Amino acid sequence: MLQYLIILLDEASTSFCSYPLPLGGGREGALIPLDTLRQGIRFGMMENLMIQFVYPNYDLPEEYAEVIESIDHSKIKPASPPAPLRGEGSKGADVWVMESIKGVKADVPVVWRTDKHSLFDSEADIIKALENVPRLNVVLTDIETFTDKDFASYKEVLARLSQKVEQMYVEGKSPQLNLLTDRMMLSKMNNCGAGDTNITLAPNGKFYVCPAFYHEDEADSIGDLEHGLDIKNKQLYKLGHAPICRHCDAFQCKRCVWLNRKMTLEVNTPSHEQCVLAHLERNASRELLQNIRKHGTFLPEQEEIKEIDYLDPFDNKDTWQ
């Protein structure tokens, strides 16, 4: 069931996930028309959807702010440290998207888009960020390039970060790092939900499964404001029709349908790379949870994360029921 409507305020609205923006950031002057924005907000109200506005890297005209503030919403904005993030709270953004987290301080969650090499070299910056932001979401932008060597490096980085996060919990802090702490809190899938629980409205007035589908092919729409939604084979975006994912307990996995289609040609089938990364995170979360519980009661209502002997659930398909 739909719950969220993502509205891109400009063709160059920031990417908050794995997908890249068009070369050069998008066409100049591709701001969503005011009338289209109003219609999008009305659609969200009629469907009882929570609206998330995604901003470009420039100040919008004053009249846009008035329309945006006419409804409850969340703001996703780009930022580049050292930006004045601390103290702005939701007046500036509800989520900041960054290409670097060096020296970042913020009162709201931060999304850090990074490639694998920058991630491997940034352990110290990640730990500092966890001290200075309420939540850090790390988004890898080059998942399709991961090799066995990269998987090994990722596992080592997660293990070292886990030790630091454990220490922070012992000190009475509550760091949130999606790669490690999300799985500890979950008892069911908490995926992206593109095409199922959320859809995207682009500046051209058309709906898309997510911003990535819009940027990849503008013709790949799933309806428009005039005629409504038209999602072909919409069951394929649901967990129950994902033959691998529905058997999986890497509940923190984004299960990115855009990456699925890009790498396997099927929106409901993840790639080997996505699965291995998600299970490395899952296993690191399992170890972190066990280690934190050595210091006292922690998440007693949560079940243990069981030990597994595979990293790609497809390798375990003979046990599926």
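Note that this is a predicted model, so its numbers are computed, not measured.
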Q: Please report the closest heavy-atom contact between Cys17 and Thr141, naming both atoms and the distance.
A: O-CG2, 4.5 Å

(Q) Membership question, hydrophobic clusters at under 4.5 Å side-chain separation (ILVMFWY): are Met263 and Leu140 in the same one? (A) yes

Q: Could you grab the distance from atom CD1 of Ile6 to atom OG of Ser13, nearest 0.5 Å is fine?
A: 11.0 Å

Q.
Just to verify, which of Leu9, Ile41, Ile7 counts as forming a side chain to side chain contact (heavy atoms under 4.5 Å, CB included) with Ile68?
A. Leu9

Q. Taking NZ, NE, NH1 and NH2 as the nitrogens, is one of them in Glu123 or Lys128 under 4.0 Å from a carboxylate oxygen of the other?
A. no

Q | Side chain to side chain, Ser74 and Tyr4, heavy atoms closer than 4.5 Å | A | no

Q) Under the 3.5 angstrom rule, does the side chain of Asp10 hit a backbone N or O of Leu31 as a donor-acceptor pair? A) yes

Q. So is Lys77 actually on top of Tyr55's ring, under 6.0 Å and inside 45° of the axis?
A. yes

Q. Is there a donor in the side chain of Gln167 and an acceptor in the side chain of Gln163, or the other way round, less than 3.5 Å apart?
A. no

Q: Give a yes or no answer on whether the side chain of Ser285 reaches the backbone of Leu180 with a donor-acceptor pair at less than 3.5 Å.
A: yes

Q | Sub-4.5 Å side-chain heavy-atom contact between Phe314 and Cys275 | A | no

Q: Spell out, yes or no, whether Leu2 and Leu5 are grouped together once hydrophobic residues are joined by side-chain heavy atoms under 4.5 Å, including indirect joins.
A: yes

Q.
Walk me through whether Val139 and Ser18 qualify under side-chain contact (heavy atoms from CB on, under 4.5 Å).
A. CA-CA 6 Å; Val139 174; Ser18 301; 3.9 Å; yes

Q | Under-4.0 Å salt bridge between Lys238 and Asp196 | A | yes

(Q) Tell me if a side-chain donor or acceptor on Ser118 pairs with a main-chain N or O of Asp115 at a distance below 3.5 Å. (A) no

Q. Taking the six-membered ring for Trp, are the ring centroids of His295 and Tyr169 within less than 6.0 Å of each other?
A. no

Q: Drop me the distance from Asn178's CG to Trp112's CH2, to the nearest 0.5 angstrom.
A: 11.0 Å

Q | Arg135 vs Asp182 side-chain heavy atoms within contact, under 4.5 Å | A | yes

Q.
Could you walk me through whether Leu277 and Phe146 satisfy the side-chain contact (heavy atoms from CB on, under 4.5 Å) test, starting with their C-alpha distance in whole Å, then the side-chain angles of each, then the deciding distance to 0.1 Å, before giving a yes or no?
A. CA-CA 9 Å; Leu277 289 174; Phe146 268 72; 3.6 Å; yes

Q: Considering non-hydrogen atoms only, spot the tightest contact between His241 and Leu236 and give its length.
A: CB-CA, 4.3 Å

Q: For Ile76 and Thr14, work out which heavy atoms get closest and say how close.
A: O-CG2, 4.3 Å

Q.
To the nearest 0.5 Å, what is the distance between NZ on Lys164 and CG on Leu288?
A. 14.0 Å

Q. Does Thr269 use its side chain to pair, donor to acceptor, with the backbone of Leu265 at less than 3.5 Å?
A. no

Q | Worked verdict on Phe251 versus Asn191 for side-chain contact (heavy atoms from CB on, under 4.5 Å) | A | CA-CA 7 Å; Phe251 298 146; Asn191 313 131; over 6 Å; no

Q. Of the non-hydrogen atoms in Pro109 and Asp94, which two are nearest, and what is the gap between them?
A. CD-O, 3.4 Å

Q) Are Met46 and Ile222 linked, directly or through other ILVMFWY residues, by side chains that come within less than 4.5 angstrom of each other? A) no

**Q.** Transitive ILVMFWY side-chain link Leu311 to Phe151, under 4.5 Å
**A.** yes

Q: Could you tell me whether a side-chain N or O of Lys116 sits under 3.5 Å from a main-chain N or O of Tyr154, the two making a donor and an acceptor?
A: no

Q) CD/Glu63 to CG/Leu37 distance, rounded to the nearest 0.5 angstrom? A) 10.5 Å

Q) Judged by atom type as modelled, is there a donor-acceptor pair below 3.5 Å linking the side chain of Ser162 to the main-chain atoms of Leu158? A) no

Q: Kindly state whether the ring of Phe213 and the ring of Tyr208 have centres lying under 6.0 angstrom apart.
A: no

(Q) Check whether Thr36 reaches the backbone of Gly205 with its side chain - one donor and one acceptor, N or O, closer than 3.5 Å. (A) no

Q: For the residue pair Val54 and Phe16, establish whether any side-chain heavy-atom pair is separated by less than 4.5 Å.
A: yes

Q: Report yes or no: do Ser153 and Asp150 form a side-chain donor-acceptor pair below 3.5 Å?
A: no

Q: Can you measure from CG (Leu49) to CD (Gln3) and round to the nearest 0.5 angstrom?
A: 9.0 Å

Q: Show your reasoning for whether side-chain contact (heavy atoms from CB on, under 4.5 Å) applies to Thr200 and Val209.
A: CA-CA 6 Å; Thr200 292; Val209 170; over 6 Å; no

Q. Would Glu131 and Lys173 pass as an ion pair if we require N to O under 4.0 Å?
A. yes

Q: Using the test salt bridge (charged side-chain N to carboxylate O under 4.0 Å, His left out), find all partners of Arg38 that sit at least two apart in sequence or belong to another chain.
A: none

Q) Hey, does Val138 have a side-chain heavy atom less than 4.5 Å from the side chain of Thr114? A) yes

Q.
Show, in sequence, the C-alpha distance, side-chain angles and deciding distance for Asn190 and Gln252, and conclude whether the side chain to side chain donor-acceptor pair (under 3.5 Å) test is met.
A. CA-CA 6 Å; Asn190 185 38; Gln252 86 295 339; over 6 Å; no

Q.
Please determine whether a side-chain nitrogen of the Lys or Arg among Glu216 and Arg261 lies less than 4.0 Å from a carboxylate oxygen of the Asp or Glu.
A. yes

Q) Around atom CD of Glu69, are there more than 12 heavy atoms of other residues, nucleotides or ligands at under 6.0 Å? A) yes

Q.
Keeping Asp224 on the side-chain end and His227 on the backbone end, is there a donor-acceptor pair under 3.5 Å?
A. yes

Q) Should Glu287 and Leu289 count as side-chain neighbours, where that means a heavy-atom distance under 4.5 Å? A) no

**Q.** Donor-acceptor side-chain pairing of Asp35 and Gln39 below 3.5 angstrom
**A.** yes

Q) Taking atom types as modelled, is there a side-chain donor on Gln274 or Asn260 under 3.5 Å from an acceptor on the other? A) yes

Q: Of all the heavy-atom pairs spanning Leu130 and Pro175, show the shortest one and how long it is.
A: CB-CB, 4.3 Å

Q. Does Glu304 pair with Arg293 as a salt bridge, N-O distance under 4.0 Å?
A. yes

Q: With Asp249 as reference, evaluate Lys188, Lys306, Arg183, Arg286 under the salt bridge (Lys or Arg N to Asp or Glu O under 4.0 Å) test and give the passing residue.
A: Arg183

Q. Between CG of Leu60 and CD of Glu66, what distance do you get to the nearest 0.5 Å?
A. 13.5 Å

Q. Is any side-chain heavy atom of Phe298 less than 4.5 Å from a side-chain heavy atom of Met184?
A. yes

Q.
Assigning hydrophobic clusters by single linkage (Ile, Leu, Val, Met, Phe, Trp, Tyr; side-chain heavy-atom cutoff under 4.5 Å), is Leu239 placed with Tyr237?
A. no

Q) Does NZ or CZ of Lys206 lie under 6.0 Å from the centre of the six-membered ring of Tyr214, at an angle within 45° of the ring axis? A) no

Q | Sidechain N-carboxylate O distance under 4.0 Å for Asp220, Lys232 | A | no

Q: Check whether any side-chain heavy atom of Ile308 lies under 4.5 Å from a side-chain heavy atom of Arg282, and answer yes or no.
A: yes

Q: Decide if atom CE of Met45 counts as having more than 12 heavy atoms of other residues, nucleotides or ligands within a radius under 6.0 Å.
A: no

Q: Quick one: closest heavy-atom pair of Ala106 and Pro134, and the distance?
A: O-CD, 3.4 Å

